[in-house]
2 protein chains.
Amino acid sequence: MPPNPTSTRRDRATIEDVAAAAGVSVATVSRALRGLPNVAEPTRERIERIAAELNYRADPAASRLAAGRSRSVAVAVPLLDGWYFAHVVAGAEAVFAEAGYDTIIVGIGAQGEGRHVLEIAGPIYRRVDGLICVDVSLTDDELGRLQNERMEVVYVGHDSDAIPCMGIDDVEVGRLATQHLIDLGHRRIALINGQPDDVLGFVVPHKRQQGYESAHHGAGLTPDPSSQMPGYFTIEGGYQALSRLLDLPDPPTAVLSFSDEMAFGALWAARDRGVQVPHDLSIIGVDDHDLSVLLDLTTVHQDVAEQGALAARTMIELLAGREVPSGRQNTEVRLIERGTTAAPRR
Amino acid sequence: MPPNPTSTRRDRATIEDVAAAAGVSVATVSRALRGLPNVAEPTRERIERIAAELNYRADPAASRLAAGRSRSVAVAVPLLDGWYFAHVVAGAEAVFAEAGYDTIIVGIGAQGEGRHVLEIAGPIYRRVDGLICVDVSLTDDELGRLQNERMEVVYVGHDSDAIPCMGIDDVEVGRLATQHLIDLGHRRIALINGQPDDVLGFVVPHKRQQGYESAHHGAGLTPDPSSQMPGYFTIEGGYQALSRLLDLPDPPTAVLSFSDEMAFGALWAARDRGVQVPHDLSIIGVDDHDLSVLLDLTTVHQDVAEQGALAARTMIELLAGREVPSGRQNTEVRLIERGTTAAPRR
DNA sequence: GTGAAAGCGCTAACAC
DNA sequence: GTGTTAGCGCTTTCAC
């Protein structure tokens, strides 16, 4: 075979090239470049210099294969284009990038009709060191299988006592928002919820609903189940939900929407119907979406990017083998009073 | 060394397990499972059945190392939480997932101050087969280096004649929006642009501005450079930009914002100032953001998710070794007239 | 149509 | 503190 130095394989320096140039073995190069002990300082410096000159970087596939770690994590979300999910992912990605981890995104598809984690097992299998599930639930079996493959799992939104979970106090969110409406004098408070009835143990709306109910009970009121509509966490869903609520024989004077995006849809429906907000109807959301201030929407603020960042930091700790308390870690929420809520007209 | 069969390595079937169970060699298993020729149909079926039973999937790191392809792509975006970027990524991810590719997201950081592609080389180096740059530019040198490593590159938004680019006709966008305002009778039409002066050859605002200018010229008008403000493609930036425009000695009667999010900021500023839209001021955006209908914003519609999907399909073709025409592939745009534009008051 | 064997580029024992 | 070496699990010639 003729020597063919200018062919395809001109590309990249390997660890052997660095070792040869530095006059050491590949093992030493590997140690030096990963900051492991047992490398003399002058040796390390020389190797680092040469590696830089040669523009060498370890092939991730090769190190994954040899070491069993890929320095990448997956973030699973129902849909990528929702405001909430985009912000969680953004928060997580920034932290992971900083720490040298790659972020693989996996869209599960909303409404449970989509791919389930059984299927995302494909992208995830042996490809990532950890998985962050954002409002995506794993069955015990799935969780067990992942952990059996030495994968770390962190939840955002969902709850579990087996693994670390980031989120907010959703019961408090429901309570806070409902109490605000009750304090204003409302008695018929409708709900724009998530799914009609909960598909995959999506616990967030359940908990918010608990808060909604407890606020009612605390005021000696009984919530009316017939004024609780699914809004699917979309603008369109919120529109539909409020439309139906307004068709009720005894329509509500106020509505709590479990997301700002659904509240936007509700605002839209109200406008289409000629219903004056807040005079005829008060609307309160949850999230404090970037546009809520513009639409003057009263809402419960949460820091979504921070939850993503927290999840990422927790994951990094876990992957570093450090102990992390499983269970919930909540970020603060607070009521933001704006113009879409007021006392009922009578 | 004592045999230790029950230790850590209990996890997963390897290709050898499948080969043994099927009574064939690993080579045949590999061929069969990847749909390559030269496998007898009964053999293939048997192998597929056994692989399924054993829940076998090829280790991606091992195949990457052996084959040089990782079946994953990177999508680089300035920021992940903008509406536009979230939708491009969502569109691309769905297509990639369908085709069995993993999607790695890489946030570059807005405004050029962030990490540049030189640095994203880290996550990207030998880790992905291709890179989609969304409003992120590569220098010729960077592009050359990537291609030298046999990576395919596709642009969304940006322009290049060396590689395939997805987008819209940005000149037409600027022209269409400006013409709409001119047709309504406006003569002092301000602009809310992207960066103050263009950092990294971000060509999209430039082209929209060309359209803005050509519409002016076509009507015998001369655009006023002093009424062109940077809005940084953020809500906040749009707010600031309109605030400054309203402070001008001779404020505009209409403003074209190069994104709906900036237009939302402008709407907000107008409201804060007590400026009535559209009576005192017309505002038109670009995007047709999900919330534009709610804010009754006149805008130029584009299908963002489709651009991401197109980019992904193009990338898949490229990676399959099929020919793809380099150069631009535009999706349709159209004017959506809503309530924020009207004839000037006098 | 199928198998044997040589790597892909790295990490991790272990020996020195 | 450094080198040797045996894999990691797959793909891919090349024989048969």
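Each chain gets a letter, A, B and so on, in the order the sequences are listed, and its residues count up from 1. Predicted, not measured: the structure shown is a model, and the values here were computed from it.
Rounded to the nearest 0.5 Å, atoms CD1 (Ile316(B)) and CD (Glu98(B)) are 9.0 Å apart.
Ile47(B) and Thr28(B) make their closest contact through CD1-CG2, 3.8 Å (heavy atoms, listed as atom of the first residue, atom of the second, distance). Nearest heavy atom pair, residue Ser25(A) against residue Ala19(A), reads C-CB, 3.7 Å. Listed here is the closest heavy atom pair of Tyr155(B) and Val136(B): CE2-O, 3.9 Å.
Using a 4.0 Å heavy-atom cutoff across all strands shown, Arg31(A) reaches at least one base atom of the nucleic acid. Across all strands, Asp59(B) comes closer than 4.0 Å only to sugar-phosphate atoms, never to a base (heavy-atom distances).
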Step by step, work out the side-chain contact (heavy atoms from CB on, under 4.5 Å) result for Leu79(A) and Phe85(A).
CA-CA 7 Å; Leu79(A) 24 62; Phe85(A) 299 112; 3.2 Å; yes

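Taking the side chain of Leu65(A) as heavy atoms from C-beta on, and the options dC8(D), dT11(D), dT2(D), the nearest nucleotide is dC8(D). For Ile15(A), the listed nucleotide lying nearest its side chain is dC10(C); candidates were dC10(C), dG1(D), dT11(D).
Between Leu36(B) atom CG and dT2(C) atom C1' the separation is 13 Å, expressed in whole Å. Distance CZ (Arg64(A)) to C1' (dA12(C)): 15 Å, rounded to an integer number of Å. Nucleotide dG9(C) holds its P atom 9 Å from the CG atom of Asp17(A), rounded to whole Å. The interatomic distance linking Tyr56(A) (OH) with dG9(C) (C1') rounds to 7 Å, in whole Å. Counting to the nearest Å, the P atom of dG7(C) and the CD atom of Glu16(A) are 12 Å from each other. The interatomic distance linking Leu33(A) (CG) with dT2(D) (P) rounds to 14 Å, in whole Å. Taking atom CZ of Arg71(A) as the reference point, atom C1' of dT11(C) lies 15 Å away to the nearest angstrom.
Ranked by how close their nearest DNA chain C nucleotide is to the 5' end, Ala27(A) and Val26(B) are led by Val26(B).
Without hydrogens or angle criteria, Thr43(A) side chain to Val39(A) main chain gives no donor-acceptor distance under 3.5 Å.
Residue Glu16(A) places its CD atom among 12 or fewer non-hydrogen atoms of other residues, nucleotides or ligands, all under 6.0 Å distant.
Using a 4.0 Å cutoff on non-hydrogen atoms, no part of residues 43-50 of chain B comes near DNA chain D.
Side-chain nitrogen and oxygen atoms of Arg34(B) include at least one within less than 4.0 Å of the OP1 or OP2 phosphate oxygen of dT12(D). The phosphate of dG9(D) (OP1 or OP2) has no side-chain N or O of Thr14(B) nearer than 4.0 angstrom. In this model, the phosphate group of dG3(C) is approached by a side-chain N or O of Ser25(B) to a distance below 4.0 Å at OP1 or OP2.
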